[in-house]
Amino acid sequence: MQELVTLGLELLKKQHFDSLAVGVLNFSKGTYSCFEILHQAVVSPKPYAYFDLASLTKPLTLASTKLKHPELFDEKLNLLLNHQAGLPMGGRLPNKGWREELEKYDIKKSETLYSDYSALRLQIELERKSGKSLKELCSYYWDKELCFWTGLPEGMYSPQTGFRAGRAISGTVHDPNCFNLNTFTSHAGLFSTIDGLCQSLISLNKQTNLLEVMTKAFTSRESRFLEGWDTVEDPSKSLAGPKVSLKTFGHLGFTGTSIWIDCEKKLGSVILTNATQNYWYERSGLSELRRGLGESIFSLAD
């Protein structure tokens, strides 16, 4: 881990953001190791910062619900889960009537189009079908330090992820729809410490045999998304880094977060940053950081 800390410090100094947390998951042993760097130089002895997970929320709510409650998913809901239901990418939703707005779209098989609307429509369908809230369905494996942004602990610290109405965004969600809707949503809104997220993923695998389920799913993969997770199609170009196998799944978050899990190596990489702290549009440094740390982490199994 000390080598990863050194690499993390080196890569973070090149960025236009100041916070980084990294976790290494060992699914063979059911353990993890992690560290956190704040203000580009301070290595926390015990990670404590709550990072905005952004779109990592999608698999942490929807894919986890599929694992626990596969009976809820029919063909149309699977299309929504894997961004093949013909819904547009997204747009600004009204605070009142957003559910009705999303229900206007027909669900029909389409080419893959990554879509916040698809994730939100799936939430609506799951809640209607089960009679339960999505939070009830998906939170069975959450650590106490993984939560929705409206339930963040009082007095916690969260790295700044940008500006809204001229004020720094810290401790509130970055995503504008999630902020404006101000209710539990499936597309964004989860926050976690690096410890909380790593422990949750270890718990998810123990409770649902996540790696076994995904290994089997890879044998019949037909598109980029699989059981609600993104996948690696070309390791040499992937942000997971060049050392992963073709049986690797995960997800990215707009604020500079990522999860990647290699079914063959039984290793996982978790990277949390506040990459949108000052601006979001220049991401070459973030890409270098993701690939560099990923390469180092997944080399551990070589």
Side-chain angles (χ1 to χ4, degrees), residues 1-2 4-25 32-57 60-61 135 139 141-176 178-180 182-185 188-203 251-259 269-280 283 285-286 289-290 293:
M1 288 300 292
Q2 187 54 50
L4 277 178
V5 172
T6 300
L7 178 60
L9 284 165
E10 177 186 335
L11 290 168
L12 189 56
K13 288 176 182 177
K14 303 176 183 179
Q15 310 301 326
H16 52 78
F17 52 89
D18 66 4
S19 299
L20 167 69
V22 178
V24 181
L25 309 170
Y32 69 91
S33 300
C34 63
F35 67 87
E36 172 181 276
I37 304 170
L38 303 178
H39 312 299
Q40 290 197 326
V42 181
V43 182
S44 305
K46 169 64 173 74
Y48 62 89
Y50 279 79
F51 285 80
D52 183 339
L53 303 186
S55 284
L56 298 190
T57 301
L60 293 173
T61 58
K135 186 176 180 181
S139 59
Y141 68 98
W142 290 4
D143 180 77
K144 63 182 180 179
E145 293 183 356
L146 171 62
C147 61
F148 197 67
W149 74 276
T150 53
L152 281 165
E154 185 176 353
M156 60 79 221
Y157 171 73
S158 182
Q160 179 188 338
T161 56
F163 297 89
R164 181 182 290 116
R167 296 183 178 181
I169 301 172
S170 175
T172 56
V173 68
H174 183 275
D175 181 87
C178 186
F179 179 78
N180 290 328
N182 196 30
T183 189
F184 190 90
T185 53
L190 289 184
F191 276 62
S192 185
T193 64
I194 187 66
D195 268 303
L197 183 51
C198 288
Q199 184 57 60
S200 295
L201 291 167
I202 292 294
S203 177
H251 215 282
L252 300 177
F254 184 71
T255 52
T257 57
S258 63
I259 296 169
S269 162
V270 179
I271 299 173
L272 306 179
T273 79
N274 60 334
T276 53
Q277 179 179 23
N278 295 302
Y279 49 89
W280 62 266
R283 299 174 82 83
L286 174 62
L289 180 146
R290 282 168 159 167
L293 288 169

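Looking only at distances, a side-chain donor or acceptor of Ser200 sits under 3.5 Å from a matching main-chain atom of Asp143. Between the side chain of Glu145 and the main chain of Asp195, no donor-acceptor pair closer than 3.5 Å is present. Under the 3.5 Å distance criterion, the side-chain polar atoms of Thr185 are left unmatched by any main-chain donor or acceptor of Cys178.
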For this session: Dump the intermediate steps for side-chain contact (heavy atoms from CB on, under 4.5 Å) on Thr276 and Arg283, then the final yes or no.
Result: CA-CA 9 Å; Thr276 53; Arg283 299 174 82 83; 4.2 Å; yes
Report task. Take Phe17 and Leu12 through the side-chain contact (heavy atoms from CB on, under 4.5 Å) test and state the conclusion after the steps. Result -> CA-CA 8 Å; Phe17 52 89; Leu12 189 56; 3.7 Å; yes
Working for side-chain contact (heavy atoms from CB on, under 4.5 Å), residues Leu252 and Ser55:
CA-CA 6 Å; Leu252 300 177; Ser55 284; over 6 Å; no
side-chain contact (heavy atoms from CB on, under 4.5 Å), that's the test. Do Phe51 and Thr255 meet it? Break it down for me.
CA-CA 9 Å; Phe51 285 80; Thr255 52; over 6 Å; no
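In this structure, Leu20 CG and Phe35 CZ are separated by 5.5 Å, a value rounded to the nearest 0.5 Å. Remark: Leu25 CG to Gln199 CD distance equals 10.0 Å, nearest 0.5 Å. Here the OH atom belonging to Tyr141 is positioned 7.0 Å from the CG atom belonging to Leu201, to the nearest 0.5 angstrom. Taken to the nearest 0.5 Å, the CD atom of Gln2 stands 11.5 Å off from the CG atom of Leu7. For the atom pair Ile259 CD1 and Leu272 CG, the distance stands at 8.0 Å (nearest 0.5 Å). Considering OG1 of Thr273 and CD of Gln15, their distance stands at 8.0 Å, rounded to 0.5 Å.
Closest non-hydrogen pair, Cys34 versus Gly23, comes out as CB-CA, 3.9 Å. Between Gly256 and Leu286, the shortest heavy-atom distance links the atoms CA-CD2, 3.9 Å. Residues Leu190 and Phe184 come closest through the heavy atom pair CD2-CE1, 4.5 Å. Closest approach of Ile194 and Pro47 over heavy atoms only: CG2-CB, 3.5 Å. Contact record, Arg164 with His174: NH2-O, 3.0 Å, taken as the closest heavy-atom pair. Nearest heavy-atom pair, Ser19 versus Leu38, reported as atom, atom and distance to 0.1 Å: OG-CD2, 3.8 Å.
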Which donor-acceptor pairs under 3.5 Å do the side chains of residues 147-162 make with protein atoms, sequence neighbours left out?
unit_1	atom_1	unit_2	atom_2	d
Ser158	OG	Tyr50	O	2.7
Gln160	NE2	Gly162	O	3.2

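The shortest distance between side-chain heavy atoms of Leu53 and Leu146 falls below 4.5 Å. Two residues are said to be in side-chain contact when any heavy atoms from C-beta on lie closer than 4.5 Å; Asp175 and Asp52 fail this criterion.
With sequence neighbours left out, the ring-ring contact (aromatic ring centres under 6.0 Å, His included) criterion links Trp142 to no other residue.
Under the 3.5 Å distance criterion, with hydrogens and angles disregarded, a donor-acceptor pair is assigned to the side chains of Asp18 and Asn274.
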